[in-house]
*Asks:* 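Okay, handing you the structure first.
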Amino acid sequence: MYKGHPIIALCMVRADDERNFTMIEALSKKIHAAGARLFIYQSSTSMHWKYKPEGGERVIFNLVDFEYVDLVIVFSEIINDDTLIDEIVQNAKAHNKPVFTIGKPWPGCTNFGFLYVDGIEKAIRHVKEVHGCTDYCFVAGPKGEPTSEARIKKYKEIMTEYGLTDCLDRIFYGGYWRMPALEAASQILEMEHMPKAVICANDLMAIAIADVFKEHGVNVPEDVIITGLDATIESQANLPSITTSGCDMNELANMLVTAGMKAIHNEPIEKEYMCPFALIEGQSCGCKVALDSASLSEYLKYNITKQNEKLYLEWTFHSVYEKILWSPDIRQLPEVLNTIGFTDSLEILVNEDTLRNNINPLSEGYRTGFDKRLRVLFQTKTDLSKLPFTIDLKQLTPRFDELIEKERPIIFSPLCFFTRAIGYLVYSPEVDNQNYYMLMTYTNSLSEILGCYSMVRHLQFNADQMDRMARHDYLTDLYNRTGFYSRLPHLTVHSDAAYLAVTSVDMDGLKRINDRYGHETGDLAIRYISRAVVAAVDEHSICGRFGGDEFVICSVVNNEDEVDIIHERIHSYLKDHMVNTSLPCEITASIGTCIMKKEEFDFDAALKISDEQMYKEKSGKKNRRTE
């Protein structure tokens, strides 16, 4: 319950599907009329594969928050992964929330089933009693699949009742899809004699079989009657229109909401509700004429418009793809995304890790869920300068209260890159077929673009790291010889000073420290020298480590006094900062310098001279120790 509104969570796949949308539309009206609110948690796949590729999709159902969700409805019929259904159910039960399932019953849940076999029966009885047909065959779904076998069983029961035993074994398998249905049609054409009626277990197969028959000169319904099941819009727009049957979604919605409000208020309800199928007569049995030209034109116009809008949207995504991938700053992304022209009320939330270039989104063992904090990367009708900003995952959306009051379903759809959930969409447009039709394009396109954006940033990060490793010393992070030489032209070209100076710095007594205290202490001493070198110069200098204890500085200077200052700073640092180290002995260095006019500057020649000066100083120290 949230601010007096009961919250109903619908867990499903493919909210954009025509049939699913019809149910959502009917359910939304009933739920909001009852003062409740509908949250839809949907994935873009049916969870058919049950392994890694759909791992990121599953986590969207973890967003169901039982602090305010009062009832969970699982559209179990269209979720193919039983383990996922069980996870959702068990999570709700752990919070003492009632669970309804639609289609596939589940232990401990109230099931709302579809009487598909009722639809099969009504089609057969209509063909027998209205059209007098006594010669049948049946095209089922996949062989062995429970729903398909239940429809076969009903077909055989009615054949036996009518005494049509010759039809009992005339079973063909169309798999519920067009391609296997085409094969089933070919098998029917090869029979010794054509049956007078083909009863199909869904509309898609019925349409495919009618197409094959037409190609072979078999007329529907003059030569053979065909019936389907599901009452799809395609069945009514087909030529011939298909006699079919379907569930009244308004009736289903009424059953769900009536029982749901009782369950929320702890009132008794039935354990099972069944939604009957109603026969819809079409031309394929001879009961109805084809769509008139005006109706057919409207249907074609509607579908062409949908496809054109989808193609335009895909083209728009493609046009911004490169702009997004090569945006160096994430603060530029909202402005680019805004050019897509999203439907009203869409938000894009991404894991903070998705925008961190030092994390590989495809690394093995990388989490598949959502971060505790998410970036709101985009919102329609928002001041783009305020984006992106961060919210807690618990909030789900910064517009929670606003969306609740709009009395529209709120859809949560996962954004996934390969196996990883990288974020999710919050989508709450007007309940319109076209708006929902765009959901899949939004989800898939944004998943690909943002996933690739994350990967490109990580690849660039890796390239930068490799370049840095190639140009920097691993121990001190100063330039190595390669990096030092690559930076020299920048220093010599962009400086305005009259002179350039090369300073050689060599640590005193490294071998003695390594021998007495160990190489770890020697490494600490080398790092200490490097800090002194860096502290002695400004941004107009390049510092590098050329060997074990050999350091080089190239500086832009105006006179020799500035070089002397560099020397003093190095010696002072080594003396003054010893108290802040764990080094067991005093650290000193020998220093040599060569200064040249800018127009005469030759680094290698200057380095040779500065090395000679440095070794001269070092030799003097050795002689003093000998005396």
Side-chain angles (χ1 to χ4, degrees), residues 1-15 17-42 61 63-79 85 88-89 91-93 95-106 108-115 118 231 246-278 400 403-412 427-433 435-436:
M1 190 83 65
Y2 187 80
K3 293 188 175 180
H5 298 293
I7 304 297
I8 297 174
L10 173 61
C11 299
M12 63 182 301
V13 302
R14 295 297 305 271
D17 179 81
E18 187 104 33
R19 175 183 179 235
N20 296 345
F21 167 75
T22 303
M23 186 198 71
I24 291 170
E25 184 179 36
L27 190 58
S28 175
K29 290 178 181 177
K30 300 291 184 182
I31 285 176
H32 289 103
R37 296 293 183 265
L38 177 61
F39 287 10
I40 301 173
Y41 302 84
Q42 77 98 42
F61 303 104
L63 293 184
V64 179
D65 191 334
F66 292 100
E67 285 189 15
Y68 49 79
V69 168
D70 302 290
L71 168 69
V72 176
I73 301 175
V74 183
F75 202 163
S76 54
E77 181 182 71
I78 55 177
I79 299 176
I85 297 173
I88 297 171
V89 171
N91 196 20
K93 294 293 184 181
H95 291 85
N96 297 312
K97 303 295 182 178
V99 183
F100 291 174
T101 54
I102 302 176
K104 182 163 45 180
W106 206 259
C109 301
T110 300
N111 183 60
F112 292 76
F114 299 114
L115 287 172
D118 182 48
C247 170
D248 184 337
M249 289 301 179
N250 285 311
E251 177 60 26
L252 174 62
N254 186 58
M255 293 164 59
L256 283 164
V257 175
T258 300
M261 297 309 291
K262 288 182 178 179
I264 290 171
H265 293 97
N266 296 314
E267 298 175 17
I269 60 173
E270 302 292 332
K271 291 184 178 180
E272 185 175 43
Y273 296 81
M274 300 304 294
C275 191
F277 270 49
F400 198 94
L403 295 178
I404 286 284
E405 294 307 316
K406 280 190 175 182
E407 298 189 0
R408 302 176 186 173
I410 305 173
I411 303 174
F412 300 92
Y427 190 47
S428 185
E430 292 284 352
V431 184
D432 173 82
N433 187 285
N435 288 338
Y436 276 62

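If you read the sequence from its start, that first residue is 1, and numbering goes on from there.
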*Asks:* As an exercise, state the distance from CG of Leu27 to CG of Leu256, rounded to the nearest 0.5 Å.
*Replies:*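 Reported value, rounded in 0.5 Å steps: 6.0 Å.
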
*Asks:* Can you tell me how far apart CD1 (Ile73) and CD1 (Ile31) are? Round to the nearest 0.5 Å.
*Replies:* 5.5 Å

*Asks:* Check for me whether the distance between the ring centres of Phe412 and Tyr41 falls short of 6.0 Å.
*Replies:*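 For Phe412 and Tyr41, the ring centres are under 6.0 Å apart.
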
*Asks:* For the pair Thr110 (side chain) and Glu272 (backbone), establish whether a donor and an acceptor sit closer than 3.5 Å, ignoring hydrogens and angles.
*Replies:* no

*Asks:* Evaluate the side-chain proximity of Arg37 to Glu407: yes if any heavy-atom separation is below 4.5 Å, no if none is.
*Replies:* yes

*Asks:* So Phe112 and Cys247, do their side chains get closer than 4.5 Å, heavy atoms only?
*Replies:* no

*Asks:* At what distance, to the nearest 0.5 angstrom, does CZ of Phe400 lie from CD1 of Ile410?
*Replies:*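 The CD1 atom of Ile410 is 6.0 Å from CZ of Phe400, to the nearest 0.5 Å.
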
*Asks:* Please report the interatomic distance CG(Asp432) to OH(Tyr436), rounded to the nearest 0.5 Å.
*Replies:*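 The CG atom of Asp432 sits 9.5 Å away from the OH atom of Tyr436.
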
*Asks:* Under 3.5 Å, is there a donor-acceptor pair between the side chain of Asp70 and the main chain of Ile7?
*Replies:*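 Yes, because the side chain of Asp70 sits within donor-acceptor range (under 3.5 Å) of the backbone of Ile7.
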
*Asks:* Is there side-chain contact between Phe39 and Tyr2, with heavy atoms separated by less than 4.5 Å?
*Replies:*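 They are not in contact (no side-chain heavy atoms under 4.5 Å apart), so the answer is no.
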
*Asks:* Does Asp118 use its side chain to pair, donor to acceptor, with the backbone of Phe277 at less than 3.5 Å?
*Replies:* yes

*Asks:* Tell me, do Glu77 and Ile102 make a side-chain contact under 4.5 Å, heavy atoms counted?
*Replies:*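 The answer is no, as the side chains (C-beta and beyond) never meet within the 4.5 Å cut-off.
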
*Asks:* Quick one: does Lys104's side chain have a donor or acceptor within less than 3.5 Å of a partner on Ile79's backbone?
*Replies:*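 Yes: the side chain of Lys104 pairs with the backbone of Ile79.
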
*Asks:* Using the ring of Phe75 (Phe, Tyr or Trp, six-membered ring only), decide whether Arg19 places NZ or CZ under 6.0 Å from its centre and within 45 degrees of its axis.
*Replies:*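 Here Arg19 fails the 6.0 Å and 45° test against Phe75.
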
*Asks:* Would you compute the distance between atom CE of Met12 and atom CD1 of Ile411 and round it to the nearest 0.5 angstrom?
*Replies:* 8.5 Å

*Asks:* Within this structure, what is the OG-CD1 distance for the pair Ser28 and Ile40, rounded to the nearest 0.5 Å?
*Replies:* 7.5 Å

*Asks:* Does the side chain of Lys97 reach to within under 4.5 Å of the side chain of Val69, using non-hydrogen atoms?
*Replies:*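 No; the side chains remain at least 4.5 Å from each other.
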
*Asks:* Are the side chain of Asn20 and the backbone of Arg14 linked by a donor-acceptor contact shorter than 3.5 Å?
*Replies:*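 Yes, Asn20 side chain to Arg14 backbone: donor-acceptor pair under 3.5 Å.
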
*Asks:* Can you list the steps and then say if Leu10 with Met23 is a side chain to side chain contact (heavy atoms under 4.5 Å, CB included)?
*Replies:* CA-CA 11 Å; Leu10 173 61; Met23 186 198 71; 4.0 Å; yes

*Asks:* Is Lys29 atom NZ crowded by more than 12 heavy atoms from other residues, nucleotides or ligands, each under 6.0 Å away?
*Replies:* no

*Asks:* Does atom CD (Glu67) have a neighbourhood of more than 12 heavy atoms from anything else shown, all under 6.0 Å?
*Replies:* no

*Asks:* Answer yes or no: is there a side-chain heavy-atom contact under 4.5 Å between Cys275 and Met249?
*Replies:* no

*Asks:* Less than 4.5 Å apart, any side-chain heavy atom of Phe114 and any of Leu252?
*Replies:* yes

*Asks:* Keeping to residues at least two apart or across chains, list the side-chain hydrogen bond (donor to acceptor under 3.5 Å, both in side chains) pairs with something in residues 256-266.
*Replies:*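 Output for this query is empty, none listed.
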
*Asks:* Are any side-chain N or O atoms of Lys406 and backbone N or O atoms of Ser428, one a donor and one an acceptor, separated by less than 3.5 Å?
*Replies:*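 Judged by distance alone, no pair lies under 3.5 Å.
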
*Asks:* Working note: Phe66 + Asn91, criterion side chain to side chain contact (heavy atoms under 4.5 Å, CB included); need CA distance, chi angles, decisive distance, verdict.
*Replies:* CA-CA 9 Å; Phe66 292 100; Asn91 196 20; 3.5 Å; yes

*Asks:* Please report the closest heavy-atom contact between Ala36 and Ile8, naming both atoms and the distance.
*Replies:* CB-CD1, 4.4 Å

*Asks:* Can you find a pair of side-chain heavy atoms, one from Ile404 and one from His5, that are under 4.5 Å apart?
*Replies:*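 Yes, close enough: below the 4.5 Å cut-off.
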
*Asks:* Evaluate Val99 against Val74 for side chain to side chain contact (heavy atoms under 4.5 Å, CB included), listing each step before the verdict.
*Replies:* CA-CA 7 Å; Val99 183; Val74 183; 4.0 Å; yes

*Asks:* Where is the tightest heavy-atom contact between Val72 and Cys11, given as atom of each residue plus distance?
*Replies:*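 Scanning both residues completely, I find the closest heavy atoms to be CG1-SG, 4.1 Å.
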
